[in-house]
Amino acid sequence: MTPEKGSLIFTKIVFKHLRTNLFHIVLSATFLTLATAKTYAQEQPKSKTDAVLQQTPDSLNRNAPETVKLPVQGQDSVKKPFLQNIVKRKAKDYERMNMKTKIGTLYNEAELYYEDIELKSGIIQFNYEKNEIYAGRIKDSTGALVQRPVFKQGSNVIEPDSIRINTDTKKALIWNSRSKQMDFNIKSQIAKKENDSVYFLYKTKFTTAEDIENPEYFILTQRAKFVPKKKIVVGLSNLWIADVPTPIALPFAFFPMSEKAQSGVIIPTFTDTSQQGYSLQNGGYYFALSDNYDLTFLGDYYTNASYALRFESSYAKRYRYSGNVNLRFERIITGERGLPNYANRREYNIQWSHRQDAKSNPNSKFAASVNLGSSTYFTNSLNQSNIGARLNNTLSSTVSYSKTFNTLPLVNIALAATHTQNTGSKQISMTLPTFTGSVDRIFPFAPKDGVKKGLIKNINLQYSVIAENRFNTVDSLFFKPEMFKNAMNGMKHSIPISTNFKVAKYFSVPISVNYNEVWYLKTVNRYFDRELNRVETRDENGFDAFRTYNFSTGIGTTVYGTFQFSEKSKIRAIRHVVKPTVSYSYTPSFERYYDYYDTDPAGTIRKQYTRFEKGIYGAPGLNYSNLLNFSLNNTLEAKVVDRDTTKTELKKIVLLNSLNFQTSYDISADSLKWSPLRVSGGTNLFKEKMNINFGATLNPYAVDNAGKVINKFNIDNGGSIFRLTNAFMSIGYRIDSKGGEQTTGNSNDQGQRNGGRDDDLFGRSTDLSDRRQSQFDEDETQDKDTPATFYHTELPWDLNFAYSLTYNNTSRQNDIVGNSLMVSGNIDLAPKWKVGVSTGYDFVQKGITFTQLRFERDLLSWRMDFSWVPIGINTSWGFFIGVKSGLLSDLKWEKRKAPDRIIR
């Protein structure tokens, strides 16, 4: 028999026995390997199949892959082909068919391909008498076993030491298989397939460690039962850390293995506080409602009867929208009932974030960003470690829907609800709803070719409308009947008409006329009540309106000045751009909307008022105004030689982003005609790492001994031309080890979501319900395959500075009312060690501001961190160590001391 004919007979015999069972075996073996483990000892037991497969090769050699095609109908006795596709096989050393033992063999780098099935191994054998397939390793020149079997179908991969499958009974044995199921890496010493849906595993190790050979930890169980794509049920299990058994054990355990989210219990964390006693925090239940949304219910209970409830839900629809909702309620008790220090507070917070995919509907958009609740929630909450939100004194919310109509001209409408809350004064301002509409700019005199040039052709007009229903209330009356009694509403229509043209080629002249009409449903009426002997103000319900208009024009230009340097200088040129503007505005008096009321019984003293004075869009002006406005804007740029010698063009650097001067002169005023001169500016230095902003107000008029501004120039009163009344300066500076690229400690998403800052100047926010998240930003660019070493030439770090200075001298007090420096920094002391600090100093109050120290150790599959606030009213600390993976998120230990909060 020739080698080619023997090879062909081998292939036909193999696939004749596999034609009905091949796909079932492949699928079953795939399910089996998904249940088996990743973690195993360094010394691996040698399987029986490995011993069986170690045979002496014969002289038959086959180096190139061979293709077996389907037999042609009529050439043999088979009426229907038993192979449905092309089969490819390959072996480096040889392919052999032993007719006596009825065993076919592929040896050394054996490969078998059929449709989406791939089987690679050191040796592959098929016993067509027993209907069994074997695959195992072979020995190299040193005697070590190499070329572990790799069985792949689709995305499922099995990597055992050896495998044995019976094609008749459909049972299988797998030795030392390694596979991955979700986040689990599983290794089982022996796996037995009993039937289509049940597998039994012996000496199985479960871990989420990436290193399958040397895991940091694993859970060892002697026996386990596996149901493909559903669950694994194990018996007595023990936790091992660094190959050392621990006293932590479970009599049995259940692991859901579905690729879809599963509902389940969330185990609480045991803590204790100085005021509420012992507690169980963040325990509850997770509801996997569907692929598009879920629900998490969490609760806390304290031994002094305090409790907290939280509902969290995330939702998403691909290419449409995504968002999340958080509802939080806490009942906080301090002290003992009947004692003076007893307090019983109810706190709540509502957060909702909704984002619409821009491509889902380009003509309409719905968005929501809600953060409202008790003004003292972030101050008193027992389950929030969020200093940034506690220090923040403003909560805001917006829910809006907008739509664009593709007409000519375009029409835009929007409907929104807004909310602004000051947590210090507890004042709440809310609009429910706000409607806005606008019609795009219309050029009635422009030609059809679209060229708009000159005074007439540039005439354009627009239309916009806004209607609001506004509520002003306090925290304690929010959404109570008293809140709605004092509602204010109105509608404002605006029609601006404008044009512009050039004068002498370089001067631009804009002209505009604005018409406004305001509608109110509530006005006021003032009168003198003779019985009560006082002036009364009464609300009048009913429609009323007023109309105003104004005119403005101006002239402006842009002047460029360039100073050239020598060709040998690194600075080749400095360009100064100046934009002077002079404008005029006129607003007439609308005295017709004003009435008189008596202020004494005899009616001899009368005062003017307008019935629109409490309107949300203001009232018409009583006095006309003629204002001349002056502004001067400056920018400075430099062209320098680039350090990169390969570049021929000069590099442009902005020296001064802006330096602006603004003032005005009131022609119609009887006194104090000049308004204060306002100076503002800003620039970026050191490759835009440092940003500087400053401003000042200079008043040309003097003040008397009482601090009141008088109609006398300051220079005529013995002073300078201008009197500095107030000034401010802020400096932000960021440096890091990557030259400005984002590294660690730059994103504080949780703090920003709760209303605080997006950086860590006020400390990092911590979600106590899920401590698996790092206190530092993860470095996505780090190569996981690169081994970590303690000594490293590069230590990633970043440092942020924020300095603020405020000066006030409006009444000759000459005070620095604000002067503080905030600092935050993070550094990787070693590839797995991170340290961070946030602190500051107030030079006015002469004290250290909020300070937080952060430490974190990456333990590969585990994460350990420690956060400490050593000083101040927020003194606290927290320690956590736990598994990163969500499958074993309850495998953790957590201990913390909550801040000794003062209930306010």
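Along the sequence shown, the residues carry numbers beginning at 1.
- With sequence neighbours left out, the side-chain contact (heavy atoms from CB on, under 4.5 Å) criterion links Ala249 to Asn238.
- Under the side-chain contact (heavy atoms from CB on, under 4.5 Å) criterion, Arg223 pairs with no residue, sequence neighbours left out.
- Between Arg148 and Arg137, the shortest heavy-atom contact is CA-CG, 3.6 Å.
- Applying the side chain to side chain donor-acceptor pair (under 3.5 Å) criterion to Arg320, with sequence neighbours excluded, gives no partner residue.
- Of all heavy-atom pairs between Leu201 and Ala191, the closest is CD2-CB, 3.6 Å.
- Ala308 approaches Glu330 most closely through the heavy-atom pair CB-CG, 3.5 Å.
- Side chain of Asp828 to main chain of Ala830: no donor-acceptor pair is present (N/O by atom type, distance under 3.5 Å, no hydrogens or angles).
- Checked for salt-bridge contact, Glu132 and Arg164 meet the test: a charged N lies under 4.0 Å from a carboxylate O.
- Nearest heavy atoms, Pro160 versus Pro149: O-CD, 3.1 Å.
- The distance from the NZ atom of Lys205 to the CD atom of Gln189 is 8.5 Å, given to the nearest 0.5 Å.
- A distance-only check finds no donor-acceptor pair linking the side chain of Arg318 to the backbone of Ala316 [under 3.5 Å].
- For the pair Ser263 (side chain) and Ala288 (backbone), a donor-acceptor distance under 3.5 Å is present.
- How far CG of Leu106 is from NZ of Lys90: 12.0 Å, rounded to the nearest 0.5 Å.
- Here Tyr285 and Phe287 bring their ring centres to under 6.0 angstrom of each other.
- By the side chain to side chain donor-acceptor pair (under 3.5 Å) test, Ser861 pairs with Glu216, sequence neighbours left out.
- With sequence neighbours left out, the ring pair (Phe, Tyr, Trp, His ring centres under 6.0 Å) criterion links Tyr301 to no other residue.
- Between Asp865 and Lys834 there is no salt bridge, since no side-chain N of the basic residue sits under 4.0 Å from a carboxylate O of the acidic one.
- The line from NZ of Lys171 to CD of Glu194 is 4.5 Å long, rounded to the nearest 0.5 Å.
- Scanning for side chain to side chain donor-acceptor pair (under 3.5 Å) contacts around Thr142 gives Asp140, with sequence neighbours left out.
- Considering all non-hydrogen atoms of both residues, Thr207 and Tyr217 come closest at OG1-O, 2.7 Å.
- By the ring pair (Phe, Tyr, Trp, His ring centres under 6.0 Å) test, Tyr315 is found to be paired with His354, residues two or more places apart in sequence or in another chain being considered.
- Rounding to the nearest 0.5 angstrom, the gap separating the CG atom in Leu220 from the OG atom in Ser237 is 8.0 Å.
- In this structure, CZ on Phe297 lies 10.0 Å from CD1 on Ile266, to the nearest 0.5 angstrom.
- Checked against ring pair (Phe, Tyr, Trp, His ring centres under 6.0 Å), Phe270 has the following partners two or more places apart in sequence or in another chain: Tyr278.
- With sequence neighbours left out, the side-chain contact (heavy atoms from CB on, under 4.5 Å) criterion links Phe252 to no other residue.
- Thr208 and Leu888 get closest at one heavy-atom pair: CG2-CD1, 4.3 Å.
- When the ring pair (Phe, Tyr, Trp, His ring centres under 6.0 Å) test is applied to Trp893, the partners found at least two apart in sequence or on another chain are Phe879.
- For residues 288-299, the pairs satisfying side-chain hydrogen bond (donor to acceptor under 3.5 Å, both in side chains) are Tyr286-Asp294, with sequence neighbours left out.
- Met864 CE to Leu859 CG: the interatomic distance, rounded to the nearest 0.5 Å, is 5.5 Å.
- Partners of Ser121 by side chain to side chain donor-acceptor pair (under 3.5 Å), not counting sequence neighbours: none found.
- The backbone N or O of Trp797 sits less than 3.5 Å from a side-chain atom of Ser737, completing a donor-acceptor pair.
- Atom CH2 of Trp877 is surrounded by more than 12 heavy atoms from other residues, nucleotides or ligands within 6.0 Å.
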